[in-house]
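In what follows, a single structure is set out as structure tokens and then discussed.
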Amino acid sequence: LFDRALALDPRFAEAHAYKASTWFSLGNLGHIPLDSSFRMAERSALTALRLDGETGLAYGILACVYRDRYQ
């Protein structure tokens, strides 16, 4: 659903942020490898922040990714 929303409006920051949250959760739940999960979550969160620097969810997901990577 997030991809469909982004196809309509690629600048929809909240969709990128929620997509980051989904990538992060998929890795933590063991559905995909953590390394891939963290990479995709970071990419989506940074995209959200480039589009809207006030997207709180993107900051939260980025913090979780960096914490889990010990960055």
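- Across all non-hydrogen atoms, the minimal contact from Leu49 to Tyr59 is CD2-CE1, 3.4 Å.
- For the atom pair Thr22 OG1 and Ile61 CD1, the distance stands at 8.5 Å (nearest 0.5 Å).
- Of all heavy-atom pairs between Ala48 and Thr55, the closest is O-OG1, 4.0 Å.
- Grouping the Ile, Leu, Val, Met, Phe, Trp and Tyr side chains by contacts below 4.5 angstrom, directly or via other members, places Tyr18 apart from Leu26.
- Annotation: Glu54, atom CD; neighbour count of heavy atoms from other residues, nucleotides and ligands within 6.0 Å does not exceed 12.
- Taking OH from Tyr66 and CZ from Phe38, the interatomic distance works out to 12.0 Å, rounded to the nearest 0.5 Å.
- Under the 4.0 Å criterion applied to side-chain N and carboxylate O atoms, Asp52 and Arg11 are not assigned as salt-bridge partners.
- Under a 3.5 Å cut-off, the side chain of Ser44 and the backbone N or O of Ala17 do not form any donor-acceptor pair.
- Listed here is the closest heavy atom pair of Pro10 and Leu51: O-CD1, 3.7 Å.
- Of all heavy-atom pairs spanning Ala5 and Ala15, the tightest one is CB-CB, 4.5 Å.
- Leu62 approaches Ala45 most closely through the heavy-atom pair CD1-CB, 3.3 Å.
- For Leu1, the CG atom is loosely surrounded, since the number of other residues' heavy atoms within 6.0 Å does not exceed 12.
- Within the structure, salt bridge (charged side-chain N to carboxylate O under 4.0 Å, His left out) contacts touching residues 28-50 (residues at least two apart or in different chains) are Asp35-Arg39, Glu42-Arg69.
- Annotation: the span from Asp3 atom CG to Leu8 atom CG amounts to 11.0 Å, rounded to 0.5 Å.
- If you take SG on Cys64 and CZ on Phe24, they are separated by 4.5 Å, rounding to the nearest 0.5 Å.
- Placement of Phe2 and Val65 within a single hydrophobic cluster is found when ILVMFWY residues are connected by side-chain heavy-atom separations under 4.5 Å, directly or transitively.
- Here the straight-line distance linking atom CG of Asn28 with atom CH2 of Trp23 works out to 14.0 Å at 0.5 Å rounding.
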